[in-house]
Colleague: 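Could you have a look at this structure, given as structure tokens, before my questions?
All residue numbers in this chain count up from 1 along the given sequence. Hydrogens, waters and symmetry mates play no part in the numbers below; they use all other heavy atoms, side chains included.
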Amino acid sequence: MINGCFDVVTNRNSLAEAALNTLNKDSFVDNIKQFFVTALRNDNVFRELIDRLNKDNQAPKLEQYTQKLNALKDGIKYRKRFMVQDIEQLKEMWLVEPEIGEEHWVGSLYTMFAHLVHPDSPYAHFWLRPLTFSCLGIDSIAVSYGVKSVEEDAPHKALEYKYSFSAFDEFNHPLILTEQVVCWEMPDGEEGDQIKDSYAYYGYVSLPKPEDLLNGLGYEIIKIKSQAGDSHGSGKLKVISLKELINKTFKCEWETPPPKPTDSPTVKKGNKSK
């Protein structure tokens with residue numbers, strides 16, 4: 001494999017600098033790669049060795065994945081859940097609440113209920129109808145409730161899903177291009193808090209008035225402008241809690257089961273001697 005000698009340092013546990021320079025050369029690495037490619041193609045013994053090593057390497061990975069999957073399945077019964085009793089297709093069926101890291105579940109729930117909301121609901125206009133769902137870039141392109149067209153001139157809107165939203169975290173999408181942020185928990189923010197994005201734009205939290213339907217659901221980000229002071233469009237977007245929106249739009253039953261028992265042994269109290 002190696003045509004030449006490699007110097008080691010005096011403790012014989014490490015290569016000398018000259019040897020390390022050789023090993024780091026692209027031409028040396030290319031030669032090693034070519035050797036393995038040729039051996040894998042032409043040498044049956046070597047190929048069988050690689051196959052065996054791959055199988056041995058996959059076994060613990062599969063076992064680890066299986067353990068994680070089983071833990072998720074077992075943990076379902078301990079998670080917070082809810083029922084929606086005024087939708088016939090979902091009546092008496094538990095739905096599990098999203099947890100941290102499950103932004104896709106937030107988006108899935110929003111998409112499902114957006115197609116089930118009654119047109120007479122006073123909260124119907126908060127339910128944009130998603131047309132796409134993506135893990136790259138903006139999460140969804142949507143249209144207003146009741147809009148059927150998908151033509152280019154339709155009022156397409158950008159939706160972003162999050163488990164939680166804080167005014168103190170940098171928003172990773174352009175504020176001026178986002179119509180609505182949908183999170184599960186009630187978004188954090190006080191009147192006048194400044195929110196900035198990763199694209200040199202910022203805005204301010206505007207809490208709704210008590211009589212507004214948005215009250216108890218979230219708030220708006222208003223006066224959105226660039227660092228240079230330029231304003232664009234309406235300059236505002238909504239940040240709403242999906243949990244509260246579902247609860248206000250539908251007839252819901254919420255349940256918090258007891259936590260999973262710990263594996264630590266419990267200490268039993270003995271009878272006191274008389």
Side-chain angles (χ1 to χ4, degrees), residues 98 102-117 119 121-167 169-189 191 193-209 212-227 230-249:
E102 294 183 348
E103 287 79 11
H104 283 81
W105 185 220
V106 175
S108 298
L109 287 172
Y110 182 86
T111 302
M112 178 178 68
F113 284 111
H115 291 84
L116 297 173
V117 61
S121 171
Y123 298 95
H125 64 285
F126 291 112
W127 293 98
L128 304 180
R129 185 168 67 90
L131 301 175
T132 66
F133 198 94
S134 175
C135 61
L136 297 175
I138 199 68
D139 288 336
S140 284
I141 298 298
V143 292
S144 298
Y145 181 81
V147 174
K148 300 178 180 179
S149 175
V150 294
E151 295 293 336
E152 186 176 349
D153 58 352
H156 294 147
K157 305 173 186 294
L159 271 177
E160 178 67 13
Y161 309 117
K162 292 186 176 297
Y163 175 76
S164 61
F165 186 91
S166 172
D169 296 331
E170 184 175 275
F171 187 53
N172 61 337
H173 296 278
L175 290 169
I176 58 169
L177 300 180
T178 307
E179 178 71 20
Q180 193 162 279
V181 177
V182 179
C183 53
W184 184 249
E185 297 290 348
M186 181 65 76
D188 294 329
E191 181 72 27
D193 282 347
Q194 188 180 89
I195 296 178
K196 64 179 181 178
D197 65 18
S198 303
Y199 297 83
Y201 283 85
Y202 63 94
Y204 299 90
V205 171
S206 176
L207 299 179
K209 297 178 180 179
D212 291 343
L213 287 176
L214 186 58
N215 186 44
L217 292 179
Y219 53 74
E220 286 187 318
I221 301 175
I222 64 172
K223 299 179 181 180
I224 299 173
K225 59 186 67 176
S226 69
Q227 294 282 1
D230 299 324
S231 299
H232 296 266
S234 63
K236 63 181 180 180
L237 66 91
K238 292 183 179 65
V239 183
I240 63 173
S241 163
L242 179 57
K243 181 176 183 177
E244 298 302 327
L245 181 59
I246 291 174
N247 199 40
K248 290 180 179 292
T249 307

Colleague: Using 0.5 Å steps for rounding, measure from the CD1 atom of I224 to the CG atom of L237.
Modeller: 4.5 Å

Colleague: Do L213 and H125 make a side-chain contact, defined as non-hydrogen atoms from C-beta onward lying under 4.5 Å apart?
Modeller: yes

Colleague: Scan V205, I240, L214 and name whichever one has a side chain to side chain contact (heavy atoms under 4.5 Å, CB included) with E220.
Modeller: L214

Colleague: Kindly write out the residues that satisfy side chain to side chain contact (heavy atoms under 4.5 Å, CB included) with D188, not counting sequence neighbours, or none if the list is empty.
Modeller: S166

Colleague: For I138, what residues pass the side chain to side chain contact (heavy atoms under 4.5 Å, CB included) criterion, not counting sequence neighbours?
Modeller: I141, A158, E160, H173, T178

Colleague: Answer yes or no: does atom NZ of K238 have more than 12 heavy-atom neighbours from other residues, nucleotides or ligands under 6.0 Å?
Modeller: no

Colleague: Evaluate ring-ring contact (aromatic ring centres under 6.0 Å, His included) for Y161 paired with F133, printing each intermediate quantity in order.
Modeller: CA-CA 10 Å; Y161 309 117; F133 198 94; 5.7 Å; yes

Colleague: Mind listing the closest non-hydrogen atom pair of A167 and D193 along with its distance?
Modeller: CB-CB, 4.0 Å

Colleague: Against F126, only a single residue in T249, L217, L242 fulfils side chain to side chain contact (heavy atoms under 4.5 Å, CB included); can you say which?
Modeller: L217

Colleague: Please determine which of Q194, K223, E191 meets the side-chain hydrogen bond (donor to acceptor under 3.5 Å, both in side chains) test together with Y204.
Modeller: Q194

Colleague: Side chains of I221 and F165, heavy atoms from C-beta outward: is any pair under 4.5 Å?
Modeller: yes

Colleague: Of all residues at least two apart in sequence or in a different chain, which pass the side chain to side chain donor-acceptor pair (under 3.5 Å) check with H104?
Modeller: none

Colleague: Between N215 and D212 (side chain of the first, backbone of the second, donor and acceptor by atom type, cut-off under 3.5 Å), is there such a pair?
Modeller: no

Colleague: What are the two closest non-hydrogen atoms of I222 and S206, and how far apart are they?
Modeller: CD1-CB, 3.6 Å

Colleague: Hey, what do you get for CD (E185) to CD (E244), rounding to the nearest 0.5 Å?
Modeller: 8.5 Å

Colleague: Do H115 and T111 have side chains that approach each other closer than 4.5 Å (heavy atoms only, starting at C-beta)?
Modeller: yes

Colleague: Apply the test side-chain contact (heavy atoms from CB on, under 4.5 Å) to residues H156 and L131: give CA-CA distance (whole Å), side-chain angles for both, the deciding distance (0.1 Å), then the verdict.
Modeller: CA-CA 9 Å; H156 294 147; L131 301 175; 4.1 Å; yes

Colleague: Kindly write out the residues that satisfy side chain to side chain donor-acceptor pair (under 3.5 Å) with Y199, not counting sequence neighbours, or none if the list is empty.
Modeller: none

Colleague: For the residue pair A124 and V117, what are the closest heavy atoms and their distance?
Modeller: CA-CG2, 4.4 Å

Colleague: Would a 4.5 Å heavy-atom cut-off, applied to side chains only, mark F113 and L245 as touching?
Modeller: no

Colleague: Output all residues satisfying side chain to side chain donor-acceptor pair (under 3.5 Å) with Y123, sequence neighbours left out; order by chain, then residue number.
Modeller: none

Colleague: Say whether, by atom type as modelled, one donor and one acceptor occur between the side chain of S241 and the main chain of W184 under 3.5 angstrom.
Modeller: yes

Colleague: Do P119 and Y145 have side chains that get closer than 4.5 Å, going by heavy atoms?
Modeller: yes

Colleague: With a 4.5 Å heavy-atom cut-off, do P174 and Y201 have their side chains touching?
Modeller: no

Colleague: Kindly compute the distance separating OG (S226) from CG (D197), expressed to the nearest 0.5 Å.
Modeller: 10.0 Å

Colleague: Could you tell me which non-hydrogen atom of V106 sits nearest to which non-hydrogen atom of Y163, and how far apart they are?
Modeller: CG2-CA, 4.4 Å

Colleague: Side chains of Y202 and Q227: is there a donor and an acceptor less than 3.5 Å apart?
Modeller: no

Colleague: Taking the side chain as everything from C-beta on, heavy atoms only, tell me whether P208 gets closer than 4.5 Å to Y219.
Modeller: yes

Colleague: Is a donor on one side and an acceptor on the other found under 3.5 Å between the side chain of Q180 and the backbone of K157?
Modeller: no

Colleague: How close do L128 and S144 get, counting heavy atoms only, and between which atoms?
Modeller: CD2-CA, 3.9 Å

Colleague: With a 3.5 Å distance limit and no angle check, can you tell me whether S140 reaches the backbone of T132 through a side-chain donor-acceptor pair?
Modeller: yes

Colleague: Quick one: list whatever passes side chain to side chain contact (heavy atoms under 4.5 Å, CB included) with S198, sequence neighbours left out.
Modeller: E170, N172

Colleague: Find the distance between NZ (K248) and NZ (K243) and round it off to the nearest 0.5 Å.
Modeller: 13.0 Å

